[in-house]
Asker: 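Dropping a structure here in structure tokens format, bear with me for questions.
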Amino acid sequence: MCGRFTLTVNPEVVQLAFALESVPAGYAPRYNIAPTQPVLALTNEGHRRATLLRWGLIPAWAKDPTIGNSLINARSETLAEKPAFRHAFRRRRCVIFADGFYEWQRLPDGRRRPMYIRLTSGEPFALAGLWEVWQPSHSEEALRTCTIVTTRPNAFMAPIHSRMPVILDRAVVDDWLTPGDVDPLELMPLLAPLETLPLTAYEVSKAVNSPHTDVPDLIRPLPASPPPDRLL
DNA sequence: CCAGACGTTGTT
DNA sequence: GTCTGG
DNA sequence: CCAGACGTTGTT
DNA sequence: GTCTGG
């Protein structure tokens, strides 16, 4: 099974769906957001202005920022203890908006097939995330980074993957974004996979995770083959 | 005490 | 920054 | 995750 | 084969 994923997002659609006060100007719809690139996010700073965060969390204590290249996911099961994440778990939570994500399914013959997953409704959703601020030097501007929380797969995702991103129910997004300190244990239940989430998987026409395929035509989801219901 | 790690996924 | 291992 | 690189010397 | 960058 594959694990990391890339996202797609349309900021204007997200703004409407989540009643955001604003989204960053000039952030055009994206069809292939890979780690290290900017993602559309809402932090627990107590307002509803979406912001851009670099995907790949760099802890405040990091000397070498390339550590962010590996901290692109955080396991929900161990968030509270991991030195790289526990501070952010207590103080700096965020949601990362997406209207779909790619996962690479391993086939019996060992080949990998990119699948595009989204809500059956097509609506955008919020992924649980953590964020941090990293100061390169006194003279340089602070870098805001984030990581996406993962969990075990629900029944729909299990045939495709061993892990999945934590998709937050609309009703608990504001709980996850409570400003300031929160008892981490109270938040753990929010990170369990949603079994009832109506998801649909699509086969993608070709590999999408390349700088050269960042165009809508190549990733527009095709009817799944086999259809999603046969993946179960 | 200091030095070094601090992560995930997937694969073997 | 904080913990672990030597 | 996949795609692509995989290097040194010297100069700014 | 393994690491880095996207």
Side-chain angles (χ1 to χ4, degrees), chain A residues 1-9 27-41 52-92 96 98 100-118 127-137 142-143 145-153 157-166 181 184 191 193 201-215 218-219 221:
Chain A
M1 292 282 185
C2 319
R4 302 183 198 174
F5 31 76
T6 63
L7 311 173
T8 67
V9 72
Y27 191 75
R30 302 280 299 280
Y31 302 91
N32 180 19
I33 307 173
T36 71
Q37 295 178 348
V39 295
L40 185 70
L52 297 181
L53 299 175
R54 184 188 206 266
W55 185 7
L57 187 139
I58 305 174
W61 41 258
K63 294 186 189 73
D64 178 4
T66 62
I67 190 175
N69 294 343
S70 55
L71 304 186
I72 64 180
N73 291 145
R75 292 178 65 89
S76 60
E77 296 91 333
T78 53
L79 274 180
E81 299 99 49
K82 294 293 184 182
F85 299 135
R86 60 191 172 192
H87 178 72
F89 184 38
R90 269 190 286 108
R91 303 211 47 134
R92 290 187 161 144
I96 291 106
F101 60 90
Y102 304 100
E103 289 276 22
W104 280 258
Q105 180 179 40
R106 180 158 311 265
L107 301 174
D109 65 7
R111 289 182 44 77
R112 289 174 181 189
R113 170 170 67 171
M115 302 290 286
Y116 183 65
I117 317 292
R118 62 177 185 174
L127 300 177
L130 307 175
W131 65 290
E132 276 290 359
V133 180
W134 185 72
Q135 192 71 45
S137 69
L143 184 60
T145 63
C146 69
T147 189
I148 296 175
V149 179
T150 65
T151 186
R152 65 173 180 78
M157 287 299 296
I160 301 174
H161 267 291
S162 60
R163 304 289 294 171
M164 67 181 283
V166 172
D181 275 70
L191 302 179
Y202 301 82
E203 188 174 8
V204 179
S205 56
K206 61 199 296 188
V208 293
N209 197 3
S210 154
H212 305 299
T213 56
D214 195 351
V215 288
L218 298 183
I219 57 79

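A, B, ... follow the sequence lines: proteins, then strands. Residue 1 opens every chain.
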Asker: Could you measure between the two P atoms, the one in B:dA5 and the one in D:dA5, and give it in whole Å?
Answerer: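 Straight-line distance between the two P atoms is 29 Å.
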Asker: Using whole Å, report how far CH2 of A:Trp61 lies from P of B:dG4.
Answerer: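 A:Trp61 atom CH2 is separated from B:dG4 atom P by 15 Å.
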Asker: If you measure from the P atom in B:dC2 to the same atom in D:dT9, how many Å do you get, rounded?
Answerer: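 One P to the other, the span is 36 Å.
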Asker: So which nucleotide from D:dC1, B:dT8, B:dG7 ends up closest to the side chain of A:Arg75?
Answerer: B:dT8
Asker: Could you check how far OH of A:Tyr116 sits from C1' of D:dC2, rounded to whole Å?
Answerer: 18 Å
Asker: Can you tell me if the side-chain N/O atoms of A:Thr150 get under 4.0 Å from OP1 or OP2 in B:dT9?
Answerer: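 Answer is yes, contact under 4.0 Å.
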Asker: Atom CH2 of A:Trp55 and atom P of D:dC1: how far apart are they, to the nearest Å?
Answerer: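 Atom-to-atom, A:Trp55 to D:dC1, this comes out as 12 Å.
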Asker: Going by salt bridge (Lys or Arg N to Asp or Glu O under 4.0 Å), name the pairs with one or both residues in residues 67-87 of chain A, residues two or more places apart or in two chains.
Answerer: A:Arg75-A:Glu77, A:Glu77-A:Arg163
Asker: Quantified in whole Å, what is the P atom distance between nucleotide B:dG7 and nucleotide C:dT4?
Answerer: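 It comes out at 11 Å once rounded to the nearest Å.
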Asker: In this structure, how many angstroms lie between the P atom of B:dT9 and the CD1 atom of A:Ile148, rounded?
Answerer: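 Distance, rounded to whole Å: 12 Å.
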Asker: I'd like the P distance from E:dG6 over to B:dT8, given in whole Å.
Answerer: 23 Å
Asker: For A:Ile72, does its backbone N or O pair with a side-chain atom of A:Trp55 as donor and acceptor, under 3.5 Å?
Answerer: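 Checking the backbone N and O of A:Ile72 against the side chain of A:Trp55, a donor-acceptor pair under 3.5 Å is found.
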Asker: In whole Å, what is the span from the CG atom of A:Asn32 to the P atom of D:dA3?
Answerer: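 So the two atoms are 11 Å apart, to the nearest Å.
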Asker: Can you tell me how far C1' of D:dC1 sits from CD1 of A:Ile117, to the nearest Å?
Answerer: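 The answer, rounded to whole Å, is 13 Å.
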Asker: Considering only heavy atoms from C-beta outward, does the side chain of A:Pro65 approach that of A:Ile58 to under 4.5 Å?
Answerer: yes
Asker: Counting only Watson-Crick or G-U wobble pairs whose two distances fall under 3.5 Å, which nucleotide matches B:dA5?
Answerer: C:dT2
Asker: Pick base, sugar-phosphate or nothing for A:Thr78, based on heavy-atom distances below 4.0 Å to the nucleic acid.
Answerer: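 Here A:Thr78 touches the backbone only, sparing every base.
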Asker: Which heavy atom in A:Cys146 sits nearest to a heavy atom in A:Leu53, and how many Å separate them?
Answerer: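 Result for this residue pair: CB-CD1, 3.7 Å.
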Asker: Could you tell me the separation between the CD atom of A:Gln105 and the CD1 atom of A:Ile160, rounded to the nearest 0.5 Å?
Answerer: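 A:Gln105 CD to A:Ile160 CD1: 5.5 Å, rounded to 0.5 Å.
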Asker: How long is the line joining CZ of A:Phe85 and P of B:dG7, in whole Å?
Answerer: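 In whole Å, B:dG7 P and A:Phe85 CZ are 7 Å from each other.
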Asker: Going from CZ on A:Phe89 to CG on A:Leu130, what distance comes out if it is rounded to the nearest 0.5 angstrom?
Answerer: 7.5 Å
Asker: Report the distance from atom NE2 of A:His161 to atom P of D:dC1, rounded to the nearest whole Å.
Answerer: 10 Å
Asker: For A:Arg92, which residues count as a side chain to side chain donor-acceptor pair (under 3.5 Å) partner, sequence neighbours excluded?
Answerer: A:Glu132
Asker: Are A:Tyr102 and D:dC1 stacked, counting the six-membered base ring, centres under 5.5 Å, planes under 30°?
Answerer: no
Asker: Go through the side-chain N and O atoms of A:Thr8 and A:Tyr116 and say whether any donor and acceptor fall under 3.5 Å apart.
Answerer: yes
Asker: Base, sugar-phosphate alone, or nothing: which one does A:Arg54 contact when heavy atoms must sit under 4.0 Å apart?
Answerer: nothing
Asker: Name the first nucleotide and the last nucleotide along DNA chain C (5' to 3') that come under 4.0 Å of a heavy atom in chain A.
Answerer: C:dG1 to C:dC3
